[in-house]
Amino acid sequence: MNVQPQPIRTAAEQALLALLERRLAGPAVDGPLAGRIGELRRAAHAAFAANGLPHRRVEEWKYTDLRGFLREAAPAATALGISDGASAPSAVAFPGARRILFVDGQLSPAGSDLADLEPGLTVVPLAQAMAVGRGTVEKFGTLAPQRYDGVLALNTAFFGDGLVIQIADGAKIERPLHVAHLVTHDHPVATYTRRLVEVGEGAAFTLVESFEGRSGVPYQVNDALELFVGDTGHMDYVRLQDDSETALHLSTVMVDIGRDAKFHAFGLTTGAIASRVSLYGRFSGTHSHAGIRGVTLLKDRQHADVTLLLDHAVAHCESRELFKTVLFDETRGVFQGKIVVRPDAQKTDGRMMSQALLIGETAEMDNKPELEIFADDVQCGHGATAGALDEDLLFYLKARGLPAKEAEALLIQAFVGEALEFVEEEGLREALIARAERWLNARTG
Amino acid sequence: MALLEIKNLHAQIEDNQILRGLDLVVNPGEVHAIMGPNGSGKSTLSYVLAGKPDYEVTAGEALLDGQNLLEMDPDARAAAGLFLAFQYPIEIPGVATMTFLRTAINAQRKARGEAELSTPDFLRLVKEKAGDLGITQDMLRRGVNVGFSGGEKKRNEILQMTLLQPKLCILDETDSGLDIDALKVVSEGVNALRAPDRGMVVITHYQRLLNHIVPDVVHVMNKGRIVRSGGKELALELEASGYAGYSQDAA
Ligand SMILES: Nc1ncnc2c1ncn2[C@@H]1O[C@H](COP(=O)(O)OP(=O)(O)OP(=O)(O)O)[C@@H](O)[C@H]1O
Ligand SMILES: [Mg+2]
């Protein structure tokens with residue numbers, strides 16, 4: 001890509017560079033991967049020094065100017081914040097799921113259920129996995145996108161704690177594994193967490209992730225997740241981003257999908273003053289299916305950006321994307337989705353749809369779906385809509401006695417329900433539907 | 001006191017005057033039929049009474065049980081006992097019919113200060129009334145009117161009316177789109193609701209419906225006004241001679 005010289009750095013960029021230099025001089029990873037990780041970190045540092053924070057003149061960040069949203073570089077959280085006392089936030093629990101808790105970016109053994117893991121499921125703290133340096137952890141950093149991603153670069157340079165999760169070939173792990181992230185500090189900190197997940201051949205796994213934190217604190221989350229779905233594997237990934245209304249949430253999700261595999265992702269976004277999820281997906285084996293869906297509910301002055309790059313690198317794969325955004329007040333939603341179909345990816349079947357409901361009079365949605373097709377025998381389509389609630393539908397409901405707010409809530413629920421119904425695991429689906437309903441009732445009630 | 005009293009009602013949409021001084025009184029227990037040529041303003045009258053926001057009332061009044069309807073929100077009118085069976089019921093994807101029915105019943109009960117219907121009571125009630133109208137369990141599980149045929153949508157309107165037990169029922173061309181058997185089923189449903197304290201306004205083009213739902217009064221509407229009223233034989237007369245005699249005198 002076209003790297004532009006940037007003589008002028010923002011105060012946050014300067015502060016981040018100083019922190020990066022300190023980080024590089026600090027303790028390195030031990031073990032066989034020391035060389036590679038050190039290399040990745042130095043490269044990330046150099047790229048950040050050259051490019052800085054993504055800003056609106058960078059195409060992929062056009063609608064989400066991080067120079068504006070990240071005005072102060074919070075120091076990486078090292079110690080634990082305040083996790084007891086009346087005002088302490090607590091992390092969500094999903095019924096039936098095994099929970100592993102990260103508090104302030106660090107694994108909390110006390111809050112995590114790591115006992116009696118199902119046969120075939122391995123969960124190892126990242127540092128420990130790196131020290132051993134064999135297995136899944138060797139894939140660290142290999143899914144990074146071709147283009148410069150400033151958020152991922154910061155994560156790679158700063159990452160601290162994390163997990164390596166491996167599902168053995170053929171293992172079907174029925175119980176969802178929930179990785180909960182909670183920020184408890186009462187002053188601004190940044191967390192840089194990272195996980196690697198490998199679903200073996202023919203294995204099945206459901207991963208749930210949640211992000212929450214202390215209300216009123218402008219903390220910063222920078223999370224990165226690398227997922228590998230092996231041949232004939234099946235992975236469900238569900239995420240809940242409910243960070244505090246003052247937080248900045250930045251996530252990068254990277255997934256590689258093998259042959260005859262299934263990958264389903266669903267995200268519910270209700271939190272953070274500003275958030276961005278970048279999802280990079282790649283089909284590397286034929287005859288696979290990806291379903292990527294999300295619901296974003298925003299109020300007050302929240303800003304949420306979902307940006308997706310899906311690479312159909314091989315033939316005979318199918319992808320479905322559906323994103324629903326509900327915008328109250330003065331919020332702004334962004335959906336950028338690009339499906340790339342490579343020359344060899346014949347018989348690709350891809351459909352992408354983004355729909356937004358503009359409730360607030362000054363709410364705004366930026367939809368940018370794109371197809372880049374280099375093969376000739378494919379079926380691809382995309383669509384995007386943004387509009388108000390249908391007046392005739394509202395009138396029909398009111399004419400049956402539903403007060404305006406209730407009629408609105410019912411129609412919004414129906415709107416987001418069309419995406420939520422794709423969450424496969426029933427307990428999770430119901431929990432997310434209930435959360436969305438509570439959010440809507442609190443907003444419209 | 002009259003159940004519905006409309007005086008000199010004038011209403012317009014986007015600067016088109018549609019209702020031009022309409023008067024109508026419906027007493028408790030009465031069934032009134034309104035007939036009239038296409039475009040004479042029958043649906044407009046029903047929408048204005050139900051509170052559709054597109055219409056602007058420029059003069060006149062409409063009272064339900066003495067309450068000024070025109071000052072109430074549509075949901076308050078429904079809770080006060082007004083029900084409009086739409087000429088064109090719309091589809092609401094994603095809202096299951098059952099959820100919709102329960103939400104509507106309970107919203108009205110709540111507005112009237114009554115307790116919510118328990119789930120078993122609600123289910124029993126819906127099952128019985130839906131069965132009477134030939135509405136299947138599968139249809140109840142679907143989104144409101146989604147994938148319903150024209151006639152099924154009309155039956156669904158009558159189901160809602162039956163469950164909500166309104167004081168004043170306005171039926172806008174409920175007979176159009178119904179096959180002969182469905183017309184009977186729907187008429188029976190409507191007749192079952194006839195009661196000394198309930199009034200009905202039945203808008204129709206066809207005398208056939210009025211064989212099943214026998215009206216007390218028949219009105220002819222033209223150009224936004226009631227231009228003639230009479231007994232049920234008026235409908236027969238219209239069936240024979242059409243509206244030819246009405247277009248000039250209202251012009
Ligand atoms: N949005 C609108 N803008 C302008 N004129 C309208 C609008 N909606 C309805 N009208 C006009 O109002 C008049 C009355 O319409 P209405 O639907 O009330 O007639 P109707 O008596 O119910 O007719 P039908 O028997 O065909 O159902 C018609 O001339 C129609 O064209
Ligand atoms: Mg009409």
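So that the names make sense, note that chain A is the first sequence line, chain B the second, and so on, each numbered from 1.
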Exercise. Any residues in residues 411-429 of chain A near chain B, with a heavy-atom distance under 4.5 Å, and which are they?
Worked result: A/L411, A/A414, A/E418

Exercise. Which atom pair, heavy atoms only, marks the closest approach of B/A107 to A/G401?
Worked result: CB-O, 3.4 Å

Exercise. Can you tell me if CZ on A/R301 sees more than 12 non-hydrogen neighbours from other groups inside 6.0 Å?
Worked result: no

For this session: Nearest 0.5 Å please: distance from the NZ atom of A/K398 over to the NZ atom of B/K52.
Result: 11.0 Å

For this session: List the atom of B/F86, the atom of A/A399, and the distance in Å for their closest heavy-atom pair.
Result: CZ-CB, 4.0 Å

For this session: Quick one: pull up CD in A/E391 and CG in B/D54 and give me the separation to the nearest 0.5 Å.
Result: 7.5 Å

Problem set entry | Options B/A80, B/A96, B/A50, B/A111, ranked by heavy-atom pairs under 4.5 Å with chain A, top entry | B/A50

Seminar exercise, completed: Correct closest heavy-atom pair for B/Q108 and A/R400 would be NE2-O, 3.0 Å

For this session: Report the distance from atom CG of A/L397 to atom CD1 of B/I90, rounding to the nearest 0.5 Å.
Result: 7.5 Å

For this session: Go through B/Q160, B/R77, B/K110, B/E91 and name the one with the most non-hydrogen pairs under 4.5 angstrom from chain A.
Result: B/Q160

Exercise. Hey, what do you get for CG (A/D392) to OH (B/Y88), rounding to the nearest 0.5 Å?
Worked result: 13.5 Å

For this session: Heavy-atom distances under 4.5 Å only: say whether B/L164 touches chain A with side chain, backbone, both or neither.
Result: side chain

For this session: Using non-hydrogen atoms and a 4.5 Å limit, figure out which bit of B/P166 sits close to chain A: side chain, backbone, both or neither.
Result: neither

For this session: Return the option, out of B/G94, B/P74, B/A79, B/A76, with the maximum number of heavy-atom pairs under 4.5 Å with chain A.
Result: B/P74

